[in-house]
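A short write-up of the structure that comes next.
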Number of protein chains: 2
Amino acid sequence: MNTIFSALAEPHRLHMVELLRDGPLTVGEIAQRLGLSQPQVSKHLRVLSEAGLVDVQPIANRRVYKLRPQSLQDIENWLGSFRRLWETQFDRMEAYLQVLQAKESKPD
Amino acid sequence: MNTIFSALAEPHRLHMVELLRDGPLTVGEIAQRLGLSQPQVSKHLRVLSEAGLVDVQPIANRRVYKLRPQSLQDIENWLGSFRRLWETQFDRMEAYLQVLQAKESKPD
DNA sequence: ATGGAATATTCCTGTCAAGGCATATTTGGA
DNA sequence: TCCAAATATGCCTTGACAGGAATATTCCAT
């Protein structure tokens, strides 16, 4: 999970992921569309690959990169544990303040 | 979106967010539970706050931090645009390979 | 076999961010 | 008013990472 967020933290990499959302692309195509150098793209793709966000498929000279749906599902699952935060009115702020108050008047 | 991922990319910050999932906490409590120094926690909370991931509520001496559900919803929405990747069998790899083949035999 | 295209890797450099420490700031209590 | 607790901020150092240029690698076509 940490690795995934780190990979997406880089603006160009995030952009690349969003670009691949519409289908697989080769390194050169990505470089061209984003106006980046080829080595730059290769290195970013390496990071994305190691984070499990993309898959490679060598075709002759080129390498076709595509998103790996599993990684996005991982994020989805992680988000799931927070879902009650906005589905229910799960705030607990008031309850917590009372706990603080209790500690005020009766510190351990 | 970029800011959010950057904030979550830091292991300690990710840990803090997961800690706040169970309810609001003060700076000191977070520092204690994660075994971090107080300034360390304050600085990380600042980043999380600027990314819109947490809210603060001053109570006397202390500051109670809580998750901001809206930010998590933002991630959810972002993920939404990728959902068809795993809901439908949206691969396009085969189709793309044919496009590549076409370019092979007929380059521009 | 040779050359050229597509991609990966290496080395180098500059930048930025995290951690540690000290210190400022705010607040309540004696 | 003065002190102590809780938190934030500033300064400094160090490590990691992105970008650029050059080079290595792989593959196809001739």
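Lettering follows sequence order; numbering is per chain, from 1. These figures come from a predicted structure and were not determined experimentally.
- Protein atom CD of Q32(B) is 14 Å distant from nucleotide atom C1' of dA6(D), rounded to whole Å.
- Closest approach to the N61(A) side chain among dA5(D), dT7(D), dA5(C) is made by dA5(C) (side chain taken as heavy atoms from C-beta onward).
- For K43(B), the listed nucleotide lying nearest its side chain is dG19(C); candidates were dA8(D), dA8(C), dG19(C).
- With hydrogens and angles left out, the side-chain atoms of D74(B) and Q70(B) include a donor and acceptor closer than 3.5 Å.
- The residue P39(B) sits close to a base: some heavy atom pair falls under 4.0 Å.
- To the nearest angstrom, C1' of dA18(D) lies 15 Å from CD of E50(A).
- Across the interface with DNA chain C, nearest-nucleotide mapping of L36(B) and V41(A) shows V41(A) to be the residue nearer the 5′ end.
- Under the 3.5 Å distance criterion, with hydrogens and angles disregarded, no donor-acceptor pair is assigned to the side chains of R63(B) and T26(B).
- Within the 4.0 Å cut-off from OP1 or OP2 of dA18(C), not a single side-chain nitrogen or oxygen of Q40(B) is found.
- With distances taken from any side-chain atom of R46(B) to the nucleotides dG20(C), dT9(D), dT9(C), the minimum falls on dT9(D).
- Rounded to whole Å, atom P of dA18(C) lies 12 Å from atom CG of N2(A).
- Distance R63(A) CZ to dC27(D) P: 9 Å, rounded to the nearest Å.
- Ion pair R83(A)/E76(A) flagged as a salt bridge, since at least one NZ, NE, NH1 or NH2 atom sits closer than 4.0 Å to an Asp/Glu carboxylate oxygen.
- We find the NE2-CG distance between H12(A) and N2(B) to be 10.0 Å, quoted to the nearest 0.5 Å.
- For D22(B) and R33(B), the salt-bridge test fails: no basic side-chain N is under 4.0 Å from an acidic carboxylate O.
- One atom, CG of L25(A), and another, C1' of dA6(C), lie 15 Å apart when rounded to the nearest Å.
- For the pair I30(A) CD1 and dA6(C) P, the computed distance is 15 Å after rounding to whole Å.
- Distance CD1 (I59(A)) to P (dA8(C)): 13 Å, rounded to an integer number of Å.
- In this structure, OG in S6(A) is found 9.5 Å from CG in L8(B), a value given to the nearest 0.5 Å.
- For H44(B), the listed nucleotide lying nearest its side chain is dG19(C); candidates were dG19(C), dG19(D), dC27(D).
- In terms of phosphate contacts, Y65(A) brings no side-chain nitrogen or oxygen within less than 4.0 Å of OP1 or OP2 of dA6(C).
- Using a 4.0 Å cutoff on non-hydrogen atoms, no part of residues 6-19 of chain A comes near DNA chain C.
- Surrounding CD of E50(B) are more than 12 heavy atoms belonging to other residues, nucleotides or ligands, all under 6.0 Å away.
- The 5' end of DNA chain D is approached more closely, in terms of each residue's nearest nucleotide, by G28(B) than by the other of V47(A) and G28(B).
- If you take CZ of R62(B) and C1' of dA4(D), they are 13 Å apart, rounded to a whole angstrom.
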